[in-house]
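Each remark here refers to the structure printed beneath this line.
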Amino acid sequence: MKTYDYNKIDRKWQKYWAENQTFKADNHSDKPKFYVLDMFPYPSGAGLHVGHPLGYIASDIYARYKRHKGFNVLHPMGYDSFGLPAEQYAIQTGQHPAVTTEQNIKRYREQMDKIGFSFDWSREIRTSDPQYYKWTQWIFLQLFNSWYNNDSNKAESIEALIRIFETGGNADVNAACDADTPVFSADDWLAMSPQQKNNILFKYRLTYLAEAEVNWCPALGTVLANDEVINGVSERGGHPVERKKMKQWMMRITAYAERLLQDLDVLDWTDSLKEMQRNWIGKSTGARITFKIDGNDKTFDVFTTRADTLFGVTFMVMAPEHELVNEITTSDNLEQVQQYQKQAARKSERERMAEVKEKTGVFTGAYALHPLTGDKIPLWISDYVLAGYGTGAIMAVPSGDQRDYEFARQFDIPIINIFEGNDISEKANEDKDAVLTNSGFLNGLPAKEAIPRMIEELEKRGAGKAEVNYRLRDAVFSRQRYWGEPVPIYYKNGVATAIPEKYLPLELPEVEKYLPTEDGQPPLGNAKNWAWDETNEKIVSVDLIDNKSVFPIELNTMPGWAGSSWYFNRYMDPHNDNETFSKEAVDYWQKVDLYLGGSEHATGHLLYSRFWQKFLYDTGRVPQPEYSVKLINQGMILGYSAFAYRINGTNKFVSHGLKDQYETTPVHVDVNMVDDYDYLDTEKFKTWRPDFADAEFIREDGKYKVGREVEKMSKSKYNVVNPDDIVAQYGADTLRMYEMFLGPIEIAKPWNTAGLKGVHNFLRKFWSLFHSDGIFDVSLEEPTEQELRILHKTIKKVTEDIESFSFNTAVSQFMIAVNELSKLKTNKQKILAPLVVLLSPFAPHLAEDLWEELGHDDSIAFETYPKYEERYIKENTKTYPIMINGKMRHKIDLPTNMDKETIEKTVLADEKVQSLLTDKQLKKVIVVPGKIVNLVV
RNA sequence: GCCUCGGUGGCGGAAUUGGUAGACGCGCUGGAUUCAAAAUCCAGUUCCGGCAACGGAGUGUGGGUUCGAUUCCCACCCGAGGUACCA
């Protein structure tokens with residue numbers, strides 16, 4: 001007997017779609033356009049896991065739905081193929097990252113093909129492809145050759161800036177530039193050496209070189225991410241790590257801070273995501289106040305949002321890295337200060353922010369002078385002040401700020417109470433409505449009125465001014481890595497110089513080793529051919545460097561986010577060799593209409609890409625200042641990690657239930673060795689890794705039970721589940737519908753396969769409606785009212801659910817419909833055909849197959865897309881719950897069109913209601929038409 | 001620590017946004033079918049008490065607003081993501 005052969009159906013239609021290029025999008029069409037985009041994946045060695053398809057399936061459903069609705073849909077896919085894991089694998093195995101990346105991409109493609117996505121593969125892009133990164137480098141050079149004009153509020157060319165300098169110096173230039181940019185006249189400018197001019201220009205360029213703090217690991221000779229630093233030592237090898245300043249390429253994203261903030265208002269993103277970006281940009285309006293140092297000519301600035309609390313300052317704190325610390329520290333305190341600096345350098349930024357339970361710090365021996373009273377204020381250093389935020393120094397007001405309060409208590413620094421009726425014995429008063437006292441001319445005022453008065457006073461004395469400060473920092477754009485885009489820059493006598501655009505792409509050179517060089521240079525320092533011959537304009541051997549016509553090329557590469565900051569535009573015109581993308585293509589597609597991706601990118605990719613888009617907008621390359629107005633954040637599918645418990649110092653593992661009897665360390669075990677009941681296959685475990693070959697087990701009831709924990713799905717946690725097995729066992733349509741059924745797309749949830757069977761059963765039942773004894777068999781009879789009701793209710797609900805991205809409830813709705821139709825044994829074409837079309841975005845393989853058997857007749861499916869009819873959905877009666885004091889006590893069926901008064905009368909006349917009301921006094925009747933009747937007694 | 005989100009049966013999750021909590025699915029229990037099993041179908045399934053009708057409790061915890069709170073407000077606990085070089 002013929003059955004629902006999903007594997008055969010999957011293969012048939014996947015082949016058909018590929019051969020017919022069914023989903024190829026055209027850049028010309030009479031139909032309205034719609035661009036559905038997924039965040040492209042990093043092709044990891046672990047393969048595509050079940051979390052990736054969650055978003056891709058959702059976007060695919062929407063893309064297919066939109067095609068049915070008559071749109072010209074662009075739905076592309078590609079790979080973010082530069083990244084650290086491929087490089088680390090290369091370091092371990094010597095395999096070229098390009099080779100492993102290619103293998104991984106092949107694997108990803110096979111896996112995706114099995115799920116039946118409607119991607120236009122003719123537009124595939126890879127960020128590691130020279131034909132792609134050629135244009136990433138090109139954009140880098142455009143940024144390098146631009147500055148941000150705060151008056152016109154956009155990026156402009158550096159050539160134009162030079163002309164301004166030549167005629168009028170920089171006094172009238174209102175630019176986003178470094179804080180230490182000196183003021184010069186046109187004559188000054190003309191008198192400068194090329195080197196000096198270059199240094200000035202770097203203070204304006206949108207990509208520039210600067211000293212930035214990094215986690216430097218001397219033993220590994222490399223820079224580490226905060227993630228890779230644990231308790232001050234490297235994750236790999238446990239070597240000490242220190243904070244160190246290094247020359248880095250930077251991106252002046254802060255120039256765009258205000259626009260990035262303002263334009264959030266036009267984005268149709270979740271409020272939470274916008275809030276996250278808002279907080280990340282962190283605009284605060286306040287004041288910059290300048291303090292003199294006692295017995296020194298130097299001054300330093302602090303930023304504060306509460307200038308009104310200036311009279312409450314009893315000490316000052318500088319970040320340990322602050323440039324003045326070494327200069328002002330008195331000899332008595334030098335040793336302590338230096339020791340503290342060393343200690344702070346060992347902590348990562350995150351650790352410093354996390355460890356605030358007990359404040360630490362040391363006194364420098366120096367004093368600042370209060371700008372109004374002239375009082376001497378002790379100057380401390382502490383790691384709760386971060387060098388990277390504000391000015392790297394604060395004025396501490398212990399009565400008004402909790403952190404300052406704790407610090408003062410810790411070190412017995414006096415606290416001046418500056419708020420009326422305030423008790424400072426327990427904590428600081430951070431209430432902005434509190435009224436000031438002990439504050440001279442500000443007495444009796446709340447913060448709102450006092451702040452402008454204080455700023456006015458400071459401006460009068462030249463000791464401060466109003467200032468807007470952003471938490472957002474310029475982005476470090478250098479990576480001491482191999483597997484990334486080379487930076488198209490060479491160093492001509494120390495001056496960073498652009499490699500001319502026409503020689504792009506500057507292709508990654510071959511190296512023998514992917515590790516840093518012995519003298520601590522980035523991996524590209526190992527390249528033999530990595531020098532620029534300026535005369536002949538080509539890449540030559542480093543042996544030829546003479547610094548006359550042959551110069552060294554930049555050794556840093558670009559970060560992972562470079563390639564992903566503009567790829568969405570490249571899909572519009574992916575094979576263009578002459579430019580990033582044609583004006584024609586971008587004018588047609590404009591922007592992404594629906595973007596789907598994880599919320600873990602909230603303050604990374606989603607901010608950087610907005611920044612690049614705005615820059616491209618300023619330079620006229622794109623017509624929209626935002627590329628993705630509508631964004632859906634799919635929640636991550638989390639892994640369900642499994643742990644075995646190794647008894648410390650042994651190779652014995654104790655079962656989860658007994659682990660408390662021993663001193664143990666949990667070890668991640670591969671979830672594929674664990675069954676549904678959390679029992680570990682100990683034999684597999686022994687062969688899994690060589691060091692476990694002679695492992696012994698302490699079991700409970702003869703079995704070894706693992707511990708479980710929900711974590712991010714990642715190869716290193718051995719909790720990755722691949723979708724292939726599910727596709728093979730149940731078919732692609734089951735996987736697609738199950739992932740949607742799992743829960744709302746935007747919520748993070750752990751992967752589990754319980755329930756797969758239910759979705760699979762649904763598809764089998766649906767297939768069965770069309771078949772009797774395995775033979776296709778549908779009836780041409782007219783449907784009954786009851787059948788039409790089921791159909792139209794389903795169309796209404798599913799359509800609404802798709803439009804609102806509630807794919808989980810849409811799947812439930814299908815299940816309800818099929819259950820009801822099964823009970824009626826419906827096999828009528830006029831009911832089933834529209835359902836096939838409706839189901840096709842979810843289960844395209846099965847739907848295509850049934851549609852073929854139905855004869856591709858659009859007229860039986862309400863002409864290509866089913867629409868519901870209101871008359872089949874309207875109910876004539878409504879069951880009203882009758883409540884007494886909010887508790888449900890009775891139900892009464894009433895006509896839906898009955899008005900409020902009649903409902904009340906009818907209900908009160910009801911026998912059961914009257915019996916319920918005996919011995920009770922009715923106080924009020926609340927009638928909510930269509931909803932409830934509540935009797936208050 | 002800070003920012004953002006979440007917490008509902010044995011499990012994944014519904015709930016028209018202040019109006020019958022637990023839709024749909026899994027699992028479990030009983031039944032039909034079968035020599036038997038699988039598969040399928042039917043019924044039941046929040047917990048406690050009761051043969052039942054029914055009664056009581058119940059949406060992380062503690063308070064509050066309201067005729068009525070999973071939903072709104074306050075405080076707290078727990079979990080997840082991000083925290084600037086993972087992508």
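In what follows, chains are A, B, ... by sequence order, proteins preceding strands, each numbered from 1. Side chains included, hydrogens not; waters and symmetry mates left out as well; all remaining heavy atoms used.
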query = Which value, in whole Å, describes the distance between the C1' atoms of nucleotides B:rA84 and B:rG27?
reply = 45 Å

A:K923 NZ - B:rU66 P separation (whole Å) = 14 Å

A:E554 side chain to A:W249 side chain, donor-acceptor N/O pair below 3.5 angstrom = yes

request  = Provide the distance between the two C1' atoms, one in B:rC28 and one in B:rC76, to the nearest whole Å.
outcome  = 36 Å

request  = Quick one: sort the A:W561 and A:Y608 rings into parallel, tilted or perpendicular, breaks at 30° and 60°.
outcome  = parallel

remark   = A:M276 atom CE is separated from B:rU4 atom C1', nearest whole Å, by 4 Å

message = Could you tell me if the side chain of A:K247 sits less than 4.5 Å from the side chain of A:E211, heavy atoms only?
response = yes

query = Whole-Å distance between B:rC54 C1' and A:L916 CG?
reply = 13 Å

inquiry  = Taking the ring of A:Y567 and the ring of A:F40, is the distance between their centroids below 6.0 Å?
reply    = yes

query = Less than 4.5 Å apart, any side-chain heavy atom of A:F807 and any of A:M737?
reply = no

query = A:V937 versus A:L917: any side-chain heavy-atom pair under 4.5 Å?
reply = yes

request  = Please state the C1' separation for the pair B:rG1 and B:rC48 - nearest whole angstrom.
outcome  = 44 Å

request  = Quote, to the nearest angstrom, the P distance that separates B:rG56 from B:rG6.
outcome  = 34 Å

message = Counting the atoms with a prime plus P, OP1 and OP2 as sugar-phosphate, which does A:S564 contact under 4.0 Å by heavy atoms, base, sugar-phosphate, or nothing?
response = nothing

Side chain to side chain, A:L209 and A:M250, heavy atoms closer than 4.5 Å = no

ask   = Nearest-Å distance, CG (A:N633) to C1' (B:rG81)?
value = 11 Å

ask   = Just checking A:W280: base, sugar-phosphate only, or nothing, at a heavy-atom cut-off of under 4.0 Å?
value = base

note = Taking Watson-Crick and G-U wobble contacts under 3.5 angstrom, with | marking pairs to another strand and [ ] crossing pairs, the secondary structure of RNA chain B is written (((((((..(((......[....)))((((((.......))))))((((....))))..(((((..]....))))))))))))....

query = When you compare B:rU71 with B:rG7, how far apart are their C1' atoms, in angstrom units rounded to a whole number?
reply = 14 Å

key: For atom CH2 of A:W269 and atom P of B:rC3, their distance in whole Å   = 21 Å

ask   = Within the structure shown, what part of the strands sits under 4.0 Å from A:R471 by heavy-atom distance: base, sugar-phosphate, or nothing?
value = base

Below 3.5 Å is the cut-off: list the nitrogen or oxygen pairs between protein and nucleotides 38-44 of chain B, distance only.
from   : atom 1 : to     : atom 2 : distance (Å)
B:rU40 : OP1    : A:N761 : OD1    : 3.0

inquiry  = Side chains of A:M246 and A:V223, heavy atoms from C-beta outward: is any pair under 4.5 Å?
reply    = yes

P-based separation of B:rU16 from B:rA23 [nearest Å] = 15 Å

request  = Can you tell me the distance, in whole Å, between the CG atom of A:N226 and the P atom of B:rC2?
outcome  = 19 Å

key: Distance between C1' atoms of B:rU46 and B:rG22 (Å, rounded)   = 7 Å

task = Encode nucleotides 11-20 of chain B as B, S and - characters from 5' to 3', where the letter depends on protein heavy atoms closer than 4.0 Å: B to the base, S only to sugar-phosphate, - to neither.
result = -BSS----BB

query = Does B:rU17 sit syn or anti, given that only angles within 90° of 0 count as syn?
reply = syn

query = Atom OH of A:Y608 to atom P of B:rG82: distance rounded to whole Å?
reply = 14 Å

ask   = Are more than 12 heavy atoms from other residues, nucleotides or ligands located less than 6.0 Å from atom CD of A:E870?
value = yes

note = In whole angstroms, the gap separating P of B:rG68 from NZ of A:K887 amounts to 11 Å

request  = Taking syn as within 90° of 0 and anti otherwise, name the glycosidic form of B:rG9.
outcome  = syn

key: A:R889 side chain, from C-beta outward: closest of B:rU4, B:rC24, B:rG56   = B:rG56

message = Students often get this wrong, so: under 4.0 angstrom with heavy atoms, is A:Q277 touching a base, only sugar-phosphate, or nothing?
response = nothing

inquiry  = I'd like to check A:P53 versus A:E739 (side-chain heavy atoms, cut-off strictly below 4.5 Å). Are they in contact?
reply    = yes

ask   = Could A:R471 and A:W280 be counted as a cation-pi pair, given that NZ or CZ must be under 6.0 Å from the ring centre and within 45° of the axis?
value = yes

query = Is A:L631 close to A:L606 at the side-chain level, that is, under 4.5 Å between some pair of heavy atoms?
reply = yes

task = Indicate, with a heavy-atom threshold strictly under 4.0 Å, whether A:R481 touches base, sugar-phosphate, or nothing.
result = base

ask   = Contact class for A:E275 (heavy atom, under 4.0 Å): base, sugar-phosphate, or nothing?
value = sugar-phosphate

query = Looking only at atom P, what distance separates B:rU61 and B:rG9, rounded to whole Å?
reply = 10 Å

ask   = With sugar-phosphate meaning primed atoms plus P, OP1 and OP2, does A:L472 contact a base, only sugar-phosphate, or nothing at under 4.0 Å between heavy atoms?
value = base

Ring centroid separation A:H760 to A:Y6 under 6.0 Å = yes

message = Under 4.0 Å, heavy atoms only, any strand: does A:G83 hit a base, just the sugar-phosphate, or nothing?
response = sugar-phosphate

task = Verify ring-ring contact (aromatic ring centres under 6.0 Å, His included) between A:Y132 and A:W566, making sure each step is shown before the conclusion.
result = CA-CA 11 Å; A:Y132 179 85; A:W566 69 283; 4.7 Å; yes

ask   = Base, sugar-phosphate alone, or nothing: which one does A:Q480 contact when heavy atoms must sit under 4.0 Å apart?
value = base

